[in-house]
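Worksheet for the structure shown next.
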Amino acid sequence: MAKAAVTGRNLSLVLCLFLLLSCLGSSLWANTHSLRCDIIVKVRTTAGQPWCEGQCSLDGVPFLKYNNSKFTPLGNRGNAVNGTQVWTDITQRLDYLGQELRKMLANSIQEMTKTSGQPTLQATMLSQYEHGQSVGASWRFNISGKYSFLFNTMNMNWKLIDPEAGGIMNQWKDDTQFIKDLRTISTADCRHWLKELLKHPKEKPRSTSRVQDITQLPSAINTTQLQHEKVFIDMASVIAIILPLVVGILVKKC
Ligand SMILES: *[C@@H]1O[C@H](CO)[C@@H](O)[C@H](O)[C@H]1NC(C)=O
Ligand SMILES: *[C@@H]1O[C@H](CO)[C@@H](O)[C@H](O)[C@H]1NC(C)=O
Ligand SMILES: *[C@@H]1O[C@H](CO)[C@@H](O)[C@H](O)[C@H]1NC(C)=O
Ligand SMILES: *[C@@H]1O[C@H](CO)[C@@H](O)[C@H](O)[C@H]1NC(C)=O
């Protein structure tokens, strides 16, 4: 009888631990984020056409788009950060980057034997995070859909996708300032932007009032705080369930 009770207790302990660990695991697992910017650059354009266009998104939700130096906020998060310090940081950086990409593209034209006319550069930056730690940062370049290569800024590795892009890639690799900029933007800058962007809500606050600024609403969701609270609740439940069991076992042993 007593033995059966102890076994039963051990079993429930194991079950509780299992449930708690999976609960903790899923809450931590959800704490992944990605910041992505897609940029299209042309060297020369016909009148009225932008030479640079782009869009940035956080976890797949666009918050900013632009052409040349005209930046437009998108969605609730975009509107919430419009005009703030992080908005200024991001737009200034993208503005600078667009001009640098355009120079790189212009300097690579003689390496392009497969295209005629105006080349178009598509650049995609992806920066990924788990629990606030950087787990991936890269740039993908594609010129006129024919010359593609990748630059992994985590390990500074370049990877050729189209063999014909070798000449262009080698030329870009030699530009130390450009490489440094790509690395800084996709790592340090992105980490900072992500931290600031997450302070602003993705969803509309419940209030339907149009006169109030959403950043002033008390119901505006503070993601950082919510995440802290969730971890705290998880920890508290672990302690609340394990403590009586441990005490029970100790008492029984004594
Ligand atoms: C560039 O963006 C501005 C602001 O969103 C917009 O008014 C303008 O029409 C856009 N121009 C082009 C050529 O897309
Ligand atoms: C973004 O903010 C600027 C001023 O900081 C304002 O002129 C503009 O209308 C805002 N854009 C949107 C879409 O709210
Ligand atoms: C490059 O762009 C072309 C056309 O947009 C597309 O078909 C191709 O898959 C792209 N290549 C890479 C590696 O992204
Ligand atoms: C959200 O909460 C955290 C922790 O309580 C705080 O550091 C941060 O400043 C808050 N952010 C906003 C936008 O209120």
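For ligands, and for the atoms within them, numbers begin at 1 and follow the listed sequence. Because only heavy atoms are used, hydrogens play no part in the values below, and waters and symmetry mates are left out as well, while side chains stay in.
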Under 4.0 Å to a heavy atom of Asn79 - the qualifying atoms of ligand 2, by number: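 Near Asn79, meaning under 4.0 Å from one of its heavy atoms, ligand 2 has 13 (C), 14 (O).
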Atoms of ligand 2 close to Pro73 [distance to a heavy atom under 4.0 angstrom, numbered from 1]: 11 (N), 12 (C), 13 (C)
Distance under 4.0 Å to a non-hydrogen atom of [X]: what atoms of ligand 3 satisfy this?
{"X": "Gly145", "result": "1 (C), 2 (O), 3 (C), 4 (C)"}
{"X": "Gln122", "result": "2 (O), 5 (O)"}
{"X": "Asn142", "result": "1 (C), 2 (O), 3 (C), 8 (C), 10 (C), 11 (N), 12 (C), 14 (O)"}
{"X": "Ser148", "result": "11 (N), 12 (C), 13 (C)"}

Closest non-hydrogen atom pair, Pro50 against Thr45: O-CG2, 3.5 Å
Minimum heavy-atom distance between Leu160 and Ala165, given as atom pair plus value: CD1-C, 3.6 Å
Residue from Phe141, Trp172, Trp139, Trp158 passing ring pair (Phe, Tyr, Trp, His ring centres under 6.0 Å) with Phe151: Trp158
ILVMFWY network linking Ile185 to Phe63, side-chain heavy atoms under 4.5 angstrom: yes
Side-chain donor-acceptor contact under 3.5 Å, Asp38 with Thr124: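 The answer is yes; a qualifying pair exists.
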Heavy-atom check, side chain of Phe178 versus side chain of Lys103, under 4.5 Å: no
Heavy-atom side-chain proximity of Met112 to Leu105 below 4.5 angstrom: yes
Side chain to side chain contact (heavy atoms under 4.5 Å, CB included) evaluation trace for Cys52 with Arg102: CA-CA 8 Å; Cys52 181; Arg102 193 188 197 186; over 6 Å; no
Structural part of Lys146 in contact with ligand 3, heavy atom criterion under 4.0 angstrom: neither
Set of residues satisfying disulfide (SG to SG under 2.5 Å) with respect to Cys190, sequence neighbours excluded: none
Dump all N/O pairs between ligand 1 and the protein below 3.5 Å as a table: atom names plus distance, one pair per row.
unit_1   : atom_1 : unit_2 : atom_2 : d
ligand 1 : 2 (O)  : Asn67  : OD1    : 3.2
ligand 1 : 2 (O)  : Asn67  : ND2    : 2.4
ligand 1 : 5 (O)  : Thr72  : OG1    : 3.0
ligand 1 : 11 (N) : Asn67  : ND2    : 3.0
ligand 1 : 14 (O) : Asn67  : ND2    : 3.2

